[in-house]
Amino acid sequence: MRALKSAILSAALALGLAGTAQASEGVHIPEQSWPHSGVFGTIDKASAQRGFQVYKEVCSACHSMRLVPIRTLGGIGFKDDELKALAAGYEVQAGPNDAGEMFMRPGTPADRFPSPFPNDNAARAANNGALPPDLSLIAKARKGGEDYLYAFLTGFEDTPPEGVTLMPGMNYNKVFPGHQVGMPNILQPDGVSYADGTKATVDQQARDVSTFLTFAAEPHLDARKQMGVKVILFLIVLAGLMYATKRKLWSTVH
Ligand code: HEC
């Protein structure tokens, strides 16, 4: 009985402590429901395609995705000729040629997305000193993953709460650590015009681009989940067979 009491007490304490830890950070990231969450969830390809459109038309002005080959988009339904056309729209540096010079050529699906700035210093110089991080793995690099991305993109406020003074060039964001962020509130209603006719609210764009960034950070997640389910099914069947065999073999022993 005493053991039980102390177990309950320590559990309550642990919960209480966890509660204060969260409260002192002060930032709550609401969990969203994503079609890709859970064991059976898969990436919503239409949403990821729209998210790519948002990345291309809005985010890529400042953010690179230098780890992602263009052909990766095949995983969200881009066809080969679409990939080729898309890639050809980018200029990538190649070379050196016979004269030892680097030159620009149209991209191919095997190329990675070109970066908007030649180097980090140039990126900082264009952004008031703040470095726009590469977005290739951002969905994995931030605690809360896509829930955080969504909360961040919809978390900007035009006027900071009373008593908060923003440093020059900074913007207020509800969930960014420290609340002062070098990125402007970039998503605007109808800021993009979706190819599939979906209404481009800020919420929709934030969801779509978060879905796209989740896919980009782990393009093979769906396939891995499917493999996992198959493996479990296989193990269940195997266990059944082994049990049946065991019964059959031992039935003659007595
Ligand atoms: C005008 C340039 C600009 C554009 C356009 C822009 N960003 Fe940013 N972004 C920045 C800068 C600068 C930072 C770094 C901010 C800092 O560290 O204070 C940043 C930071 C971020 C972060 C990291 C936040 C964190 O927790 O560290 C994410 C995620 C992000 N941007 C996503 C996006 C997405 C998605 C888009 C497109 C919808 C976008 N950004 C468009 C400039 C931009």
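In listed order, ligands and their atoms are each counted from 1. What you see is a predicted model, and the numbers here were worked out from it, not measured in a lab. The basis for the numbers below is simple: all heavy atoms, side chains too, and nothing from hydrogens, waters or symmetry mates.
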Engineer: Considering only non-hydrogen protein atoms, determine which one is nearest to atom 22 (C) of ligand 1 and report residue, atom name and distance to 0.1 Å.
Structural biologist: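 Ranked first by proximity to atom 22 (C) of ligand 1 is Phe152 CE2, 3.6 Å.
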Engineer: Between the main-chain N or O of Asn185 and the side-chain N or O of Gln188, is there a donor-acceptor pair closer than 3.5 Å?
Structural biologist: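 The answer is yes, because a donor-acceptor pair under 3.5 Å joins these two groups.
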Engineer: May I ask you to list the atoms of ligand 1 that are less than 4.0 angstrom from any heavy atom of Val58?
Structural biologist: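 Heavy-atom distances to Val58 below 4.0 Å select 5 (C).
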Engineer: Identify, for atom 13 (C) of ligand 1, the protein heavy atom at the shortest distance, and state residue, atom and that distance.
Structural biologist: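 The answer is Pro132 CA, 3.7 Å.
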Engineer: Could a heavy atom of Tyr55 be found less than 4.0 Å from some atom of ligand 1?
Structural biologist: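 Judged by the 4.0 Å heavy-atom criterion, Tyr55 does not count as contacting ligand 1.
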Engineer: What part of Leu131 sits under 4.0 Å from ligand 1 if we count only heavy atoms: the side chain, the backbone, both or neither?
Structural biologist: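 Within the 4.0 Å criterion, Leu131 contacts ligand 1 through backbone atoms alone.
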Engineer: In the single-linkage hydrophobic clustering (I, L, V, M, F, W, Y; side-chain heavy atoms under 4.5 Å), do Phe156 and Val27 co-cluster?
Structural biologist: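 Yes.
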Engineer: Give the cluster check for Leu187 versus Met170: same hydrophobic cluster or not, with ILVMFWY residues linked at side-chain heavy-atom distances below 4.5 Å.
Structural biologist: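 Cluster IDs for Leu187 and Met170 differ.
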Engineer: For Ile186, counting its heavy atoms only, list the atoms of ligand 1 lying under 4.0 Å from any of them.
Structural biologist: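 So the atoms of ligand 1 that pass are 5 (C), 38 (C), 41 (C).
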Engineer: I'd like to check which ligand 1 atoms, numbered from 1 as shown, lie under 4.0 Å from a non-hydrogen atom of Tyr148.
Structural biologist: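 Answer, ordered by atom number: 25 (C), 26 (O).
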Engineer: Would you confirm whether Asn171, through its side chain, and Met183, through its main-chain N or O, come within 3.5 Å as a donor-acceptor pair?
Structural biologist: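 A pair under 3.5 Å: yes.
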Engineer: Considering only protein heavy atoms, which is closest to atom 34 (C) of ligand 1, and at what distance to one decimal place?
Structural biologist: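 Heavy-atom neighbour on the protein nearest atom 34 (C) of ligand 1: Cys59 SG, 3.4 Å.
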Engineer: Do me a favour and list the nearest non-hydrogen protein atom to atom 10 (C) of ligand 1 with residue, atom name and distance?
Structural biologist: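 Closest protein heavy atom to atom 10 (C) of ligand 1: Met183 CB, 3.3 Å.
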Engineer: For the side chain of Gln53 and the backbone of Ala48, is there at least one donor-acceptor N/O pair under 3.5 Å apart?
Structural biologist: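 No.
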Engineer: Please indicate whether any nitrogen or oxygen in Gly182 is less than 3.5 Å from any nitrogen or oxygen in ligand 1.
Structural biologist: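 Such a contact does occur with ligand 1.
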Engineer: For ligand 1, which part of Pro133 has a heavy atom less than 4.0 Å away: the side chain, the backbone, both, or neither?
Structural biologist: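 It is the side chain that touches ligand 1; the backbone stays farther off.
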Engineer: Checking contacts here: is it the side chain or the backbone of Arg142 that comes within 4.0 Å of ligand 1, counting heavy atoms only? Could be both or neither.
Structural biologist: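 The side chain, only.
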Engineer: In terms of atom number and element, which parts of ligand 1 are under 4.0 angstrom from non-hydrogen atoms of Cys62?
Structural biologist: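 Close to Cys62: 1 (C), 2 (C), 3 (C), 4 (C), 5 (C), 42 (C), 43 (C).
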Engineer: Nearest 0.5 angstrom please: Leu135 CG to Ser60 OG, how far?
Structural biologist: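 It comes to 9.5 Å.
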Engineer: What pair of heavy atoms forms the shortest contact from Pro114 to Val92, and how long is it?
Structural biologist: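 Closest heavy-atom pair between Pro114 and Val92: CG-CG1, 4.2 Å.
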Engineer: Pick out which of Arg71, Arg105, Lys84, Arg66 makes a salt bridge (Lys or Arg N to Asp or Glu O under 4.0 Å) with Asp111.
Structural biologist: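 Running salt bridge (Lys or Arg N to Asp or Glu O under 4.0 Å) over Arg71, Arg105, Lys84, Arg66 with Asp111 returns exactly one hit, Arg105.
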Engineer: Nearest protein heavy atom to atom 17 (O) of ligand 1, by residue and atom, and its distance?
Structural biologist: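 It is Phe176 CZ, 4.0 Å.
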Engineer: Taking non-hydrogen atoms only, is Val181 closer than 4.0 angstrom to ligand 1 via side chain, backbone, both or neither?
Structural biologist: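 For Val181, backbone and side-chain atoms both sit under 4.0 Å from ligand 1.
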Engineer: Within the 4.0 Å heavy-atom shell around Leu153, which atoms of ligand 1 are there?
Structural biologist: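 Answer for ligand 1: 34 (C), 35 (C).
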Engineer: Taking Asp147 for the side chain and Gln32 for the main chain, is one N or O donor matched with an acceptor at less than 3.5 Å?
Structural biologist: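 Present.
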Engineer: Is the backbone N or O of Arg207 less than 3.5 Å from a side-chain atom of Thr211, with the two atoms forming a donor-acceptor pair by type?
Structural biologist: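 Checking the backbone N and O of Arg207 against the side chain of Thr211, a donor-acceptor pair under 3.5 Å is found.
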Engineer: Report whether Leu235 and Met227 are members of the same hydrophobic cluster (ILVMFWY, side-chain heavy atoms less than 4.5 Å apart, transitive linking).
Structural biologist: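 Both belong to a single hydrophobic cluster.
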Engineer: Hey, which atoms in ligand 1 end up nearer than 4.0 Å to a heavy atom of Leu187?
Structural biologist: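 The list of qualifying atoms is 38 (C).
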Engineer: Only heavy atoms of Asn127, strictly under 4.0 Å: list the atoms of ligand 1 that pass.
Structural biologist: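 Ligand 1 atoms under the 4.0 Å threshold to Asn127: 1 (C), 2 (C), 12 (C), 42 (C).
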Engineer: Pick one of side chain, backbone, both or neither for how His63 approaches ligand 1, counting any non-hydrogen atom pair under 4.0 Å.
Structural biologist: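 For His63, only side-chain atoms sit under 4.0 Å from ligand 1.
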Engineer: Is the centre of the Phe52 ring less than 6.0 Å from the centre of the Phe113 ring?
Structural biologist: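 Here the rings of Phe113 and Phe52 have centres that are less than 6.0 Å from each other.
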Engineer: What atoms of ligand 1 come closer than 4.0 angstrom to any heavy atom of Leu149?
Structural biologist: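 So the atoms of ligand 1 that pass are 29 (C).
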